[in-house]
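These notes are about the structure you will find just below.
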Amino acid sequence: MDETRTHRSLWTLTTPTRDFPTLPGDLTVDVAVIGGGMAGLTTAWLLKCAGKRVAVLEMNRILSGQTGQTTAHLTELLDTPYATLRRDFGEKGARLAASSSRAAMEQIASLVEELRLDCDFQRVPMFQYAETARELQSLEEEVSAARDAGLLATLTQRVPLPFAVKGALRVEDQALFHPRKYLLGLADRIPGEGCHLFENTRVLEVRDGKPCRVVTDRGVVTATDVVEATTTPLNRVFMHTKLFPYRTYAVAGPLDGALEPAQYYDCKEPYHYIRTQPVDGRTYVIVGGEDHKVGAEEDTARCYAALEDFARERFPVESITHRWSGQVIEPADGLAYIGRDSARKHVYVATGFSGTGMTFGTLAGMLLTDLILGRENPFAALYDATRVKPMAGVKDFIQENAEVAFRFVADRLAKPDGKHLSEVAPGEAKVLEVDGQKVAVYREQDGTSHAVSPVCTHLGCHVHWNGAERSWDCPCHGARFSPTGKVLNGPAVKDLPSRKLPT
């Protein structure tokens with residue numbers, strides 16, 4: 001069956017494809033980078049520039065994971081408010097969070113200029129707008145904290161939106177770009193001088209040591225250091241207690257009217273985010289949001305419908321031409337985890353980027369390069385991947401992990417959706433009970449059926465069907481599988497085993 005994405009992003013559809021080889025066999029390099037997205041490609045490029053031999057290992061195609069599904073905001077205004085960061089990390093921590101985000105944006109700007117990357121990079125203001133008096137009051141408090149952290153933040157009544165708002169927090173000198181155009185420019189430059197970029201090469205195991213060994217389905221890569229830039233680290237149990245996976249959605253369409261290029265966010269929960277993007281001489285509006293915990297939304301198509309309604313009600317949109325969704329990993333204490341993995345000496349991780357993956361992905365490349373090269377980095381302690389801050393985000397930590405425990409038990413005890421294949425209509429998926437065992441079944445439009453085990457190969461939770469993306473999603477730690485059981489998202493590395501249905 002065709003297992004390509006049901007919905008492909010504007011970024012994917014407005015850039016040419018690339019073909020990189022699979023790993024041809026065993027290989028030795030200085031650094032193995034797992035993951036061909038923003039964090040992985042940035043790390044690989046910076047390490048190559050420093051003279052290291054690097055091999056990038058991508059499970060599918062480069063930029064086909066979460067980087068390909070972003071809305072690509074580059075901003076210092078993080079998902080965690082600066083008032084919260086100041087409380088949990090202190091005034092110095094909040095300032096470092098701001099300055100590190102600024103450093104990441106300037107790194108992108110520098111590479112755009114240095115490599116002459118045609119990626120629609122532009123400096124724009126950012127507006128977080130309020131539609132109620134209560135929301136405006138909350139923004140007034142955040143303006144002060146953001147300014148103390150070093151942002152060029154003000155409260156303004158002038159917001160260039162085509163609908164009325166109470167006011168907005170405005171931050172100067174943020175940025176927009178076309179992420180795939182930008183990163184293809186890096187990807188094309190990585191191979192050569194002892195460096196490699198491999199696609200369709202799945203990592204099965206990472207063995208720490210002197211040297212490290214990265215076991216793949218194509219061969220073994222031996223390296224002094226390993227970077228896991230895979231949205232979520234592979235099969236790490238403790239780390240996943242600090243990471244909470246969410247699905248996020250986006251729609252786009254050409255504007256039949258003007259909208260000032262900028263970043264826009266509302267104050268809803270979950271919030272909506274808006275930006276523009278030039279495509280073939282026309283301006284498109286991109287609207288994202290409707291986030292929910294992975295596996296928790298039964299009608300995922302509703303999320304697209306809600307965003308389309310939002311876009312049509314507020315903007316002069318002729319039609320919705322693009323729809324896509326992605327995975328957002330929320331960190332327990334509000335900041336990304338970037339650095340050496342706990343209990344391993346030569347393996348590094350980059351995860352928990354929340355809704356600012358392009359900014360944090362770039363920062364990860366900068367920070368991990370410094371750590372591997374033994375250079376001092378002013379942001380290393382703030383993003384230390386081994387940190388545990390008991391009082392920061394403790395409510396979310398307890399609630400999210402309690403939900404994982406609940407799902408582990410409840411889904412095993414839940415009644416199946418049926419017992420016979422005849423109960424699964426074409427285009428539907430259900431969990432059936434067959435010979436006393438649960439089986440996850442998807443039926444294509446032509447009647448062809450695919451049956452797999454519903455038990456996630458990561459830690460054993462049961463997967464849920466995502467109708468909008470035709471995937472089996474694990475609500476515990478965010479692993480996702482195709483209708484035939486193929487791994488789409490980690491932390492799982494093994495496919496769902498196939499099951500036979502009675503004829």
Side-chain angles (χ1 to χ4, degrees), residues 20-63 65 67 183 186-236 239 337-351 361-375 377 380 383-386 487 490-491 493-494:
F20 293 95
T22 59
L23 177 67
D26 294 352
L27 179 71
T28 298
V29 292
D30 296 321
V31 184
V33 176
I34 307 170
M38 175 61 99
L41 294 181
T42 303
T43 304
W45 174 248
L46 294 178
L47 285 170
K48 178 178 181 177
C49 291
K52 293 293 185 181
R53 297 172 302 149
V54 183
V56 177
L57 307 170
E58 168 55 44
M59 178 176 67
N60 297 308
R61 304 293 298 277
I62 62 163
L63 309 176
T67 295
L183 286 166
L186 297 188
D188 289 340
R189 290 169 169 83
I190 288 172
E193 301 175 33
C195 295
H196 312 269
L197 201 165
F198 300 113
E199 295 182 318
N200 297 310
T201 301
R202 184 189 301 185
V203 172
L204 304 175
E205 184 181 0
V206 177
R207 300 173 185 169
D208 187 30
K210 290 186 176 182
C212 298
R213 290 169 60 82
V214 180
V215 181
T216 82
D217 59 351
R218 306 281 182 172
V220 176
V221 177
T222 302
T224 304
D225 296 290
V226 177
V227 171
E228 292 189 20
T230 52
T231 305
T232 54
L234 304 176
N235 279 334
R236 300 275 74 78
M239 174 62 80
Y337 299 101
I338 305 169
R340 196 187 311 274
D341 193 14
S342 57
R344 299 197 289 181
K345 294 183 178 180
H346 302 282
V347 179
Y348 300 82
V349 296
T351 186
T362 303
L363 174 63
M366 300 163 64
L367 179 48
L368 294 179
T369 295
D370 282 348
L371 291 175
I372 289 170
L373 296 177
R375 299 190 303 217
N377 186 291
Y383 295 101
D384 179 12
T386 66
V487 174
V493 296
K494 295 181 180 179

Are the side chain of [X] and the backbone of [Y] linked by a donor-acceptor contact shorter than 3.5 Å?
X: Thr369; Y: Gly365; answer: yes
X: Asp208; Y: His346; answer: yes
X: Lys494; Y: Val487; answer: no
X: Arg340; Y: Ala385; answer: no
X: Thr230; Y: Glu228; answer: no
X: Thr351; Y: Tyr337; answer: no
X: Thr67; Y: Met38; answer: yes
X: Asp30; Y: Val54; answer: no
X: Glu58; Y: Gly36; answer: yes

For [X] and [Y], work out which heavy atoms get closest and say how close.
X: Cys212; Y: Val347; value: SG-CG2, 4.4 Å
X: Phe20; Y: Leu197; value: CB-O, 3.6 Å
X: His196; Y: Leu27; value: CD2-CD2, 3.8 Å
X: Leu373; Y: Lys52; value: CD2-CE, 3.5 Å
X: Thr43; Y: Val33; value: CG2-CG2, 4.4 Å

Quiz item: Are Ile372 and Val227 close enough that some pair of their side-chain heavy atoms sits under 4.5 Å apart?
Solution: yes
Practice problem: May I ask you to check whether over 12 heavy atoms, not counting those of Arg213, lie within 6.0 Å of atom CZ? | Solution: no
Quiz item: Quick one: salt bridge (charged side-chain N to carboxylate O under 4.0 Å, His left out) partners of Asp384, sequence neighbours excluded?
Solution: none
Quiz item: Does Asp370 come within less than 4.0 Å of Arg375, counting only side-chain N to carboxylate O?
Solution: yes
Quiz item: Atom CD1 of Ile62 and atom CG of Leu183: how far apart are they, to the nearest 0.5 Å?
Solution: 8.5 Å
